[in-house]
4 protein chains.
Amino acid sequence: MLAKKQLGQRAQRKAQRPQEILEAAFEEFVERGYVATRVEDVASRVGVTKGTIYFYFDTKERLFEEMIRHISVPFSDISANAKNLSGSYSERIRMFIRLLYDRIVMDRNTREMLRFVLTEGSRFPQVVDRHHEEFIVPFKEAARDILEAGVAAGEFRNALAVKIPDAAIGATMMLCVWQMLFEDRKPQDVEAFFEAHMDVILHGLIAKDGTGRE
Amino acid sequence: MLAKKQLGQRAQRKAQRPQEILEAAFEEFVERGYVATRVEDVASRVGVTKGTIYFYFDTKERLFEEMIRHISVPFSDISANAKNLSGSYSERIRMFIRLLYDRIVMDRNTREMLRFVLTEGSRFPQVVDRHHEEFIVPFKEAARDILEAGVAAGEFRNALAVKIPDAAIGATMMLCVWQMLFEDRKPQDVEAFFEAHMDVILHGLIAKDGTGRE
Amino acid sequence: MLAKKQLGQRAQRKAQRPQEILEAAFEEFVERGYVATRVEDVASRVGVTKGTIYFYFDTKERLFEEMIRHISVPFSDISANAKNLSGSYSERIRMFIRLLYDRIVMDRNTREMLRFVLTEGSRFPQVVDRHHEEFIVPFKEAARDILEAGVAAGEFRNALAVKIPDAAIGATMMLCVWQMLFEDRKPQDVEAFFEAHMDVILHGLIAKDGTGRE
Amino acid sequence: MLAKKQLGQRAQRKAQRPQEILEAAFEEFVERGYVATRVEDVASRVGVTKGTIYFYFDTKERLFEEMIRHISVPFSDISANAKNLSGSYSERIRMFIRLLYDRIVMDRNTREMLRFVLTEGSRFPQVVDRHHEEFIVPFKEAARDILEAGVAAGEFRNALAVKIPDAAIGATMMLCVWQMLFEDRKPQDVEAFFEAHMDVILHGLIAKDGTGRE
DNA sequence: GATGAATGAGTCTTCATTCAT
DNA sequence: GATGAATGAAGACTCATTCAT
C-alpha cells in the first residue's frame, strides 16, 4: 500500500519535472542572467543533474525561452477585465491602474519578466516582441479606452494624456524599477506611492466643472 | 622636428588610450552585457589587441567598473541647477523635469547607465549603490524641494505627491524604458509625451484657487 | 485461442528480437561508424527503446562484436565450393573469382564487413584477426590451389602469381573500393569490369602452346 | 648571442606551429579516426594545450579538413610524369604502375589518405569528391593513355582492359588494403607482389602475333 | 607600450549505462 | 521483457589572463 503510493508519487513527480525545472530556471536566470547561469545551477536547484535538464529541454536557449513562456501570463485578462469595470471613470481608472500595480509592481514574475525583456532583449528579440504584443499594446489600449470613455462622459477633460496614456499611468514604471533595483533592501511603501500617483493624475484629469468642460 | 611632432601625436594618443578603451568598453558592454562581452571585442573596437587592454586595466571586472565611473556624470549639477531655477513653480518643475528627460530619455549614456544598474546590479552591487546615492537621492530631493516650495508659495496644492515626488515625475521612467526596449525600432514622440506628462501633473498639482487652497 | 495465437506471435517476435537488433545495428554502424552511432539510433530503427537493447546486449561494444559475428558468413563454404569446381582451369578460376565478385563487390554485407575491418580495425583487433583467419587465408589458399592445379595440368604457365594469387585476383579489390566509395553515386559496370579482369589475367596465365609449356 | 638565437628559434617555432599541428592531427586521426580523436590528443602530441589548437583552427572539423589538404599531394605530377615515360609500352606501363605502388602502397600519407576517404567519407563528402577529381580520374586517364598508345603501336592487344584500366592495374589496391589492415603485423613482400602483378598483366596484354611479338 | 601565442579553468552538450516502474 | 527518466563521465569549444618578445 505504501509502495503503491510511492509509485504514484514518482510518476507524479515525473509529470511535474518540466514545471519544476522551468521554475528553477526562472529563479536562476533572475539571479544571474542568461549567460551567467549554468545549466547545472538549474539542475541542482531542482535536485537533479545536468543530464536531466537536457532530457527535457534541448538547449539552454530553449530552456530560457520556455521558461519565459511559462511565466508569461498575458494581459489579455486585464484587457477583458478593464471592460467590466463599473463606477465613475475615476474609479475605473483607479481600479485599472491598481491592476497594473498588482502586476508589475507586486507580482514578482511579471516584474522579472520585464527585467528579462530589458536584460536579454538583444539576445532574444522575439521575447521583446511578444512582450510588446501581448502586454504593452493591449494595456495601452485598455487605458486609452477608459480615458476616452471618461472624456466622452464629461468626467475627464480632454487632456493630452488621453492620447498618450503612458504619460498618466507611467509613474507605475518608476516604482517597478525601484523594486527591481532594491527589491528587499529598500522596501517601498507601495500603497502610499499608489495613492500619491492616483491623487496627482486624477486631479490632473478630472474636468474642473460639473459639466466636464474646462 | 617631425619626429618630435610624431612623438607628440603618439604620446597624445597614448594619453587618450584609457578613455578610448573605456568608451569602447561602454559600447560593447551595452551591446552584449558584462558576461557576454569579450575583452577582445573591446580591444578590436579600439584597434588594439587584448594585451593592451590588460596594460591599462587589471581585469575585465575592473574595466567594467572604471567604464561605469567614466560615463557617470553625477546629478549633482542637476541638483545645483534645480536651485537656480526661477519663474513660477509650474515653470520650475517643468524645467526640472525637462532636465530629467534630457538625461534619462535623451542621453544615451545615462539611459544605458540605468540599464547597467538593472542588468548587472547583482554582479556589481556597488554600482547600484553609487547610482542610488549620486543620482536617485539627489534627484528626488531636488524634486521635493521644488514641490514643497511651490506648495509654500501657494502655487501647488499640498498633494500627496509632494512627499513622494516620483509619483508625479515617474512617467519619465516609462518613456525611458520604452527607449531602452525599442531604441530605434519604435521611435517615440518624446516631445508629445513630455507635454502630455506635464499637462497631467501640472493640472494635478496646481492649486485650484488663487490661495493655493483646494 | 486468439490469445494463444497472439502470444505465439509475440513470442516469435521476441525470439527474433536479437536478430532484428543486430541487423539494425549493422545498418546504423555502416552509416555512421562505431563511435558516432548511438545505441538509441539502433533502438529506434528496431522500434524499441534503449533499455531493450541493453536487455539483449551488455554494452555497445558487445553489440558491435555480435553484429559482426552475425553478418559474417565465413568463406569456408567458398573454400569447399572451390574444390567442387569442374571444367578447364580457366573456367574454374573464372568461376572462383566470380564467387569473389559476388561476395565482396555485389554483396553489401561482405563489403561493409570489409569496411568495418578497415575503419574499426584499431578498435577491434580481434575482428581484423578473425576476418583474416576466416576470409582471407582460406580464400588465398583456395585460389592458390586452383592455380597450382592449373599449372600441374599444363593449362597455366608457372607464373609468379601462382605463389601470390592476390596479384592476379586483386583487381577485385579495386572495384570493391570503388563500390564502397561511390556506392550509388557513380555506379560501376561490374560485368564489364569482371570481363576485362578475366580477359587480362587469363591471357596472362594461360600457357602459350597447346601443351601448357611456355 | 645565445639569447638571440633562442628568440629566433621561438619565432621560427611559432611559424611552424600550424604544420606541426596538422602533422600531429594526421597521426591521431589515423590512429583513432575522426570521431574518437580528441582535440586534446592532438594538442599533447604537439606538446601544447587544447587552446593552442583552437588558436590556429576554428573547429575540430576544420582541423581535419586542413589536415587532409596538407597531406594531399595531387597525382597531377604523376599524370605529367606518365607523359614523359619512354621505352617500350611494357616498360612504360611497368614504370607507371611502379609509381602507383610508390604512392598507395609505400607512401603512408597517400595510403592513409585513402583510408580517410573510406572511413570518413560519409562525414566529409567533399574529401571523397576532391580525392576522386584529383587522384582517381587523372590516374585512370593516364593509364588508359598508355594502354591505348601501346595498342596503337601494336605492342598490346586490344584487350578489354584498355577501356577499363583498373581491371589490369587494380591488384595494387589489394596490396594497399593489406597494408592498411596489417601494416606492420604481417609485412608484405611488396617487390614480389609487384613482380607477380606485372608478370600477369604484361603477359595478359602483350600482343601474341609477329608484330607485337612476345 | 604593444603584441599575440599560449594556457587552463569553465561551460554546454552528448551519450553509454542504470534501474525503478 | 520493455520503458524511459536519470546519471555522470567525457569532449568540443570559449575566453580571461599571462608573458616572452
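Owing to the predicted nature of the structure, the values given are computational and were not obtained by experimental measurement. Letters A, B, ... are given to chains in the order of the sequence lines, protein chains preceding strands, and every chain is numbered from 1.
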Using a cutoff of under 3.5 Å, can you pull out all pairs of nitrogen or oxygen atoms linking the protein to nucleotides 14-17 of chain E, with atom names and distances?
| unit_1 | atom_1 | unit_2 | atom_2 | d |
| --- | --- | --- | --- | --- |
| E/dA16 | OP1 | C/T37 | O | 3.2 |
| E/dA16 | OP1 | C/K60 | NZ | 3.1 |
| E/dA16 | OP2 | C/V39 | N | 2.9 |
| E/dT17 | OP2 | C/Y54 | OH | 2.9 |
| E/dT17 | OP2 | C/K60 | N | 2.9 |
| E/dT17 | O4 | C/K50 | NZ | 3.3 |

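Taking atom CD1 of C/I21 as the reference point, atom C1' of F/dG1 lies 11 Å away to the nearest angstrom. Residue D/I53 contributes atom CD1, which lies 14 Å from atom P of F/dT14 at whole-angstrom precision. Taking atom CD of B/E28 as the reference point, atom P of F/dC15 lies 13 Å away to the nearest angstrom. The distance between atom CD of C/E20 and atom P of F/dA2, rounded to the nearest whole Å, is 10 Å. The nearest whole Å value for the distance from the CZ atom in D/F57 to the C1' atom in F/dT14 is 18 Å.
For B/E112, the side chain to side chain donor-acceptor pair (under 3.5 Å) partners two or more places apart in sequence, or in a different chain, are B/R115. Scored by the salt bridge (Lys or Arg N to Asp or Glu O under 4.0 Å) test, B/R108 finds B/E27 as partners (sequence neighbours excluded). Residues satisfying the ring pair (Phe, Tyr, Trp, His ring centres under 6.0 Å) test with D/F29, not counting sequence neighbours, are D/Y34, D/F64.
Closest heavy-atom contact between D/K60 and D/V35: NZ-O, 3.1 Å. The two residues C/L118 and D/T119 have their closest heavy-atom pair at O-CG2, 4.3 Å.
Put simply, B/T52 has a side-chain N or O that comes within less than 4.0 Å of OP1 or OP2 on E/dT3. Side-chain N/O atoms of A/T49 include none lying less than 4.0 angstrom from OP1 or OP2 on F/dA6.
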Can I get a per-line list of side-chain donor-acceptor pairs under 3.5 Å for residues 124-131 of chain D, giving both atom names and the distance, sequence neighbours left out?
| unit_1 | atom_1 | unit_2 | atom_2 | d |
| --- | --- | --- | --- | --- |
| D/D129 | OD1 | C/R185 | NH1 | 3.1 |

Note, DNA chain F 5' to 3' with Watson-Crick or G-U pairs under 3.5 Å encoded as ( ), [ ], | and . gives .||||||||||||||||||||
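Taking the side chain as every heavy atom from C-beta outward, A/T49 and A/T52 approach each other to under 4.5 Å. Counting heavy atoms from C-beta on, the side chains of C/I21 and C/E66 never come closer than 4.5 Å.
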Self-check item: Check against salt bridge (Lys or Arg N to Asp or Glu O under 4.0 Å), B/R32 and B/E28
Solution: CA-CA 6 Å; B/R32 285 189 260 289; B/E28 294 294 326; 2.4 Å; yes
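The side chain of C/Y56 has F/dG1 as its nearest neighbour among E/dA2, F/dT7, F/dG1.
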